[in-house]
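The structure appears right after this line, and notes come after that.
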Protein chains: 4
Amino acid sequence: MNSFGHHFRISIYGESHGKSIGVIIDGCPPGINLKEEDFFEDLSRRKAGAKGTTTRIEDDVPHITSGIFQGKTTGAPIHIYFLNKNVQSSDYKDIAQTPRPGHADFTAHSKFQGFNDPRGGGHFSGRLTLAIVAAGVIAKKMIPDVKINANLTHVAGSTDINAQIDKALQNGDSVGGIIQCTADHVPVGLGEPFFNSIESQISHLIFSIPAIKGIEFGKGFASADLKGSEMNDKYLEAGITSTNHAGGINGGISNGNQILFRVAVKPTSSISKPQQSFNLKTGEPQTLEIKGRHDACIALRMPVIIEACCAIVLADFHVSKRI
Amino acid sequence: MNSFGHHFRISIYGESHGKSIGVIIDGCPPGINLKEEDFFEDLSRRKAGAKGTTTRIEDDVPHITSGIFQGKTTGAPIHIYFLNKNVQSSDYKDIAQTPRPGHADFTAHSKFQGFNDPRGGGHFSGRLTLAIVAAGVIAKKMIPDVKINANLTHVAGSTDINAQIDKALQNGDSVGGIIQCTADHVPVGLGEPFFNSIESQISHLIFSIPAIKGIEFGKGFASADLKGSEMNDKYLEAGITSTNHAGGINGGISNGNQILFRVAVKPTSSISKPQQSFNLKTGEPQTLEIKGRHDACIALRMPVIIEACCAIVLADFHVSKRI
Amino acid sequence: MNSFGHHFRISIYGESHGKSIGVIIDGCPPGINLKEEDFFEDLSRRKAGAKGTTTRIEDDVPHITSGIFQGKTTGAPIHIYFLNKNVQSSDYKDIAQTPRPGHADFTAHSKFQGFNDPRGGGHFSGRLTLAIVAAGVIAKKMIPDVKINANLTHVAGSTDINAQIDKALQNGDSVGGIIQCTADHVPVGLGEPFFNSIESQISHLIFSIPAIKGIEFGKGFASADLKGSEMNDKYLEAGITSTNHAGGINGGISNGNQILFRVAVKPTSSISKPQQSFNLKTGEPQTLEIKGRHDACIALRMPVIIEACCAIVLADFHVSKRI
Amino acid sequence: MNSFGHHFRISIYGESHGKSIGVIIDGCPPGINLKEEDFFEDLSRRKAGAKGTTTRIEDDVPHITSGIFQGKTTGAPIHIYFLNKNVQSSDYKDIAQTPRPGHADFTAHSKFQGFNDPRGGGHFSGRLTLAIVAAGVIAKKMIPDVKINANLTHVAGSTDINAQIDKALQNGDSVGGIIQCTADHVPVGLGEPFFNSIESQISHLIFSIPAIKGIEFGKGFASADLKGSEMNDKYLEAGITSTNHAGGINGGISNGNQILFRVAVKPTSSISKPQQSFNLKTGEPQTLEIKGRHDACIALRMPVIIEACCAIVLADFHVSKRI
């Protein structure tokens, strides 16, 4: 399924080493100012280049080919694509036959009967998140009052993020991290329970992003250790609570407090160290040394992706409001 | 949105103190043996009655009114309902005007402009999970080789679950817990990325369940503290790994290992202790003493609900397989 | 697929000779007055009893079991069911083995591998339209300014409908008819092209109704014989046209004129005359004499069903409006 | 809504005079041979150039940018786009302010608050059908045994199609037509009633195509004039009928006979003759002379589009089969 959303709906395509990555955005209201420069800030936050990120550097220029007229959205579907230019497919010759531990190589090969594009993870590449960040830029414009902000708070269990990344780079290894995302000024009443709670929709989209292994809202896993008298957010006055343990959501519906969630990002699967694998054709054990360019800490590039997911979900709830 | 699933699709209705709770199950293949007794075991696992659970005890007899002929599913939609009998709506007189901290009372009132049924949480009640457990029974029959098993592993941060519940009962308080769910013998290749990864679908459904605040797959949040060389599941031989840190899923697709996830259940919001709230009409601060019957530890009744969610998602992937 | 609609969404269940027929209606806004009596008028228009309709007469009392509190909709899903009481399943003993020409007996048997409920057509029975009429009553309340009106204009090619039905009854035969449906006061701008044009949604739902073989909007098939200069609706002034050949829809979007469409209803397949069929088990040719009670002209009972379909689609567009 | 389909799902974008028209095709199984040349035959059937078609001639070269690896589908979404090159937007200066009678100009302007791209009808242009024909080529490859064939049988009420088009061209007018489409070798059992009957899905997609005003299956509107004893398809032997009045579908499910339907195409709205309209800004009456290039008989280019719609629906049913 390459689509997500109900009224504000995104449909994506592309492979890591194919011609282009793209997204169609349906359900954006007409009359919103939109130009290609509007994407630059968020796209550059996602970009590689900093220490700990891959040396595959794409210019990531967004090309809008529909849905815009005279600088404004028309209400018709918006198509945005990005060319893949800096491709070194030869790096992936081995991978085609030797699945990388921790990657989708084996499952994609099995599910698609060996016809999947194995270069750079193909459709399972983190490069697809480019489409999500682009959609997120539009989503943020649809809910201009809402302020969404995601940050990398921990890497390898530590807040000294720099040090952890240096260590990983020295060891040819990789590290994971924790990202915290908040959304301020979300109006009361977004969310469509029973099945489309805010948490359901956010977690659904977030778990599409490669490398995410957990999500928690408000007090999250810590709430399992609390008593009800500690966890409940007491009302100081009408609709105003003293705490925000619920993370801004009750019964799947926004309560006017800050929406807050954290996600766990596992360490990048691609590491320089040799790893045990097997040959997909013969089934024989094989040692794999990954030569492709990769991130030592993919979590570094994640905050803007997580923001985009949050914005897409909130924008969809915003335009889907029935009442 | 009262529906979940693609091919195997459930649609629910009901309120805590309404006439009945029910579910339509669409997309169940024909020819599966199904009788009302088949539901008893899972329904009784969800039932109240044990220490730490509410004294509202319903008989929870499932009534099947369509989709079955001569003891077998027909392929047409199956409708199952449960009567609400043991209702003490008078307990909820105060709640109609005074939102319970931690509950959906305030958000439901806001979203539905005061027309929501406030008795017992109305449509936001945990009683709706009865419909999900019933659907789960059918889902389990659709994937008979898959063995799903959920357990409450921690209450209030401790494995001495009994002691924690005693303490909560003594104090008129409530406690949360952690549930771990596993699914064995899941075939390789289930999951429909990009957007319908196994994690996306499971988390979507799980976060519909009241009181869930977090979910993690495999190593989950702990993976954020690991190095790639520790986290990656090495291949011992073709498709066989030495560890299962990924929780049975790579790239959103099942890899043949045990699927494993954990969910955090917050302490029941309804507690006997007086709490600060406000009057929905006047906006004035008000102290609330909840008189309704409630669970000291809702997590006690959750494992079978979590199993049902897991089964529903896997059954949907099973019948949706395109390849 | 037992569901239809996007925001205003109906999900149905039931078989002709099962325990009950029902529908869940999701996405109805809160605060609408709704009681069981509100259904009586439309339900009685669908009912049998008049000349040319079946002698199976059900009382068709609607039972609402959720989604209503203190006489108003709550915003939660509404469940309505109808008991099947006047069931003579013995009439259908033969049919279980001998498919009725023109019916779904053979296709349902094939698709569901013989597990389908064959009594009275099972899930393929026109009795399911009861659920649609019930949903239509609610839909009409959601768009109170829109006036929807359907009439049977022709039976067996004639406007002397009475005479044609008499003749069919005398001959143990059945007759088809044409129904015209109009919707007045539809605001400009409903419809969600490219794929969810008004015509797409109306035809989708209408062709769910058993016995419908054609649909046309505005000038319909006659437009194929016209010149553009004849067909185009000239503008007299801003948004006002001299004619309504388009049937109130341009580019899939309502233009403010009356929405107008016609549907072709084939003659009831069940007739008293002996017909050639075959035995589903042995494959041997077999003559079939249908003993069940049936309509000589099912089109007589159709107008209110067609109105319901029109109302459901327009109500869905109404609550789905993004702009 | 820019998407259609359940498992085999297309999502489109583009405007008549924008940069490109495109489609993402999701749910195509892996391993199907696909190259750009495969599209040429169907695309050329849709192309303009013949008498009675517009003088806007595009080369319509399909560009595939994802979902193909080593000449075969991978199972990932396939993106195909077409550049708009032969654009004379100056022709449409007037139209931006003066809606063409019979077109979506007025409704699109109203719905999208004047932000829609008015050039050449924008997103409401028949040029979007290019995307549907491209998707149809892939759909046909997914059901290679099924033979789909559509033909223009009547123009302006006559089978002398040539003569009617000559007359229209002489008069600066346009003409409509009837297209008949058949699908042979459709297996028994496709279709997902209650709501996703074959007729429902085909009509839904067909009514997305600009200029369609009616559809009928099998005997269609003529069936309303028949008696049941005439209409019913008698069984000669197991599953074999003497006639095919039902058009290959009973109860919304394919019965193994040829699927047959006819659609009514209205005359092209754009004609050379002056027409009465009004100014969208001032509301004042205005005479419109359309200068853009247009088809005298759009129905001439329709058969391959109708075939594509039929193929897309059948391919979706094919991959969605649950049983």
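All chains are named by letter (A, B, ...) in the order of the sequence lines, taking the proteins before the strands, and each is independently numbered beginning at 1. These figures come from a predicted structure and were not determined experimentally.
Heavy atoms closer than 4.5 Å to chain D are found in both the backbone and the side chain of C/Phe194. Of the atoms belonging to D/Ser254, it is backbone heavy atoms, and not side-chain ones, that fall under 4.5 Å from chain C. When heavy atoms are compared at a cutoff of 4.5 Å, D/Lys273 approaches chain C solely by way of its side chain, counted from C-beta outward. Only the backbone of C/Ser3 has a heavy atom closer than 4.5 Å to any heavy atom of chain D. Looking at C/His123, both its backbone and its side chain come within 4.5 Å of chain D, counting heavy atoms on both sides. Only the backbone of D/Ile249 comes within less than 4.5 Å of a heavy atom in chain C; its side chain stays farther off. Neither the backbone nor the side chain of D/Ile298 comes within less than 4.5 Å of any heavy atom of chain C. Heavy-atom distances place the backbone of D/Val265, and not its side chain, under 4.5 Å from chain C. For chain C, the nearby part of D/Ile271 is the side chain; its heavy atoms alone come within less than 4.5 Å. Contact of C/Ser242 with chain D is not made at all, since no heavy-atom distance falls under 4.5 Å. The contact between D/Ala246 and chain C is made by backbone and side chain atoms together, counting heavy-atom distances below 4.5 Å.
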Given the rule in the side-chain contact (heavy atoms from CB on, under 4.5 Å) test, do C/Phe195 and D/Ile10 qualify, once you have shown the distances and angles that lead to the verdict? CA-CA 10 Å; C/Phe195 291 116; D/Ile10 64 174; 3.7 Å; yes

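Most heavy-atom pairs under 4.5 Å with chain D: of the set C/Ser277, C/Gly283, C/Pro210, C/Ser110, this distinction falls to C/Ser277. The most heavy-atom pairs under 4.5 Å with chain C, out of D/Gly176, D/Pro267, D/Ala299, D/Ser270, come from D/Pro267. Interface remark: of the candidates D/Ser174, D/Gly189, D/Ala108, D/Gly251, D/Ser174 forms the most heavy-atom pairs closer than 4.5 Å to chain C. When each of D/Ile202, D/Asn250, D/Asn279 is checked for heavy-atom pairs under 4.5 Å with chain C, D/Asn250 comes out on top. Per-residue counts of heavy-atom pairs under 4.5 Å with chain C were compared for D/Asp233, D/Ile12, D/Asn2; the largest is that of D/Ile12. With respect to chain D, the highest number of heavy-atom pairs below 4.5 Å among C/Ala104, C/Gly252, C/Ala238 belongs to C/Ala238. Annotation: maximal heavy-atom pairing with chain C below 4.5 Å, among D/Gly220, D/Gly218, D/Ser229, occurs at D/Ser229. Highest contact tally toward chain C, considering only D/Ser208, D/Gly247, D/Ala211, is held by D/Ser208 [criterion: heavy-atom pairs under 4.5 Å]. The most heavy-atom pairs under 4.5 Å with chain D, out of C/Gly172, C/Gly214, C/Gly256, come from C/Gly214. When C/Gly102, C/Gly177, C/Ser158, C/Ala224 are compared by the number of non-hydrogen pairs under 4.5 Å with chain D, C/Ala224 comes out ahead. For the options C/Ala296, C/Cys297, C/Ser203, C/Gly157, heavy-atom pairs under 4.5 Å to chain D are most numerous at C/Ser203.
For NZ of C/Lys167, the number of neighbouring non-hydrogen atoms (other residues, nucleotides, ligands) closer than 6.0 Å is 12 at most.
Side-chain atoms of D/Asn196 and C/His204 form a donor-acceptor pair, as typed in the model, at a separation below 3.5 Å.
Side chain of C/Asn232 to backbone of D/Ser269: a donor-acceptor contact under 3.5 angstrom is found. In this structure, D/Lys111 contributes its side chain and C/Gly191 its backbone to a donor-acceptor pair below 3.5 Å. A donor-acceptor contact shorter than 3.5 Å is absent between the side chain of C/Asp225 and the backbone of D/Ala156. Although no hydrogens or angles enter the test, the distance criterion places a donor-acceptor pair under 3.5 Å between the side chain of D/Ser197 and the main chain of C/Phe207. Checking side-chain atoms of C/Asn255 against main-chain N and O of D/Thr107 turns up no donor-acceptor pair under 3.5 Å.
Rounded to the nearest 0.5 angstrom, C/Met1 CE and D/Ser200 OG are separated by 11.5 Å. Interatomic distance, C/Lys213 NZ to D/Glu199 CD, rounded to the nearest 0.5 Å: 5.5 Å. Considering CD1 of D/Ile253 and CZ of C/Phe106, their distance stands at 10.5 Å, rounded to 0.5 Å. Considering CZ of C/Phe217 and CD1 of D/Ile215, their distance stands at 10.5 Å, rounded to 0.5 Å. In this structure, the separation between CD on C/Glu237 and CD on D/Gln276 is 11.0 Å, given to the nearest 0.5 Å.
D/Lys266 and C/Glu230 are not joined by a salt bridge, as no carboxylate oxygen comes within less than 4.0 angstrom of a charged side-chain nitrogen.
In this structure, the side chains of D/Pro285 and C/Tyr235 stay at 4.5 Å or more apart for every pair of heavy atoms.
Summarising the geometry of D/Phe221 relative to C/Arg262, their closest heavy-atom pair is CZ-O, 3.7 Å, with the distance given to 0.1 Å.
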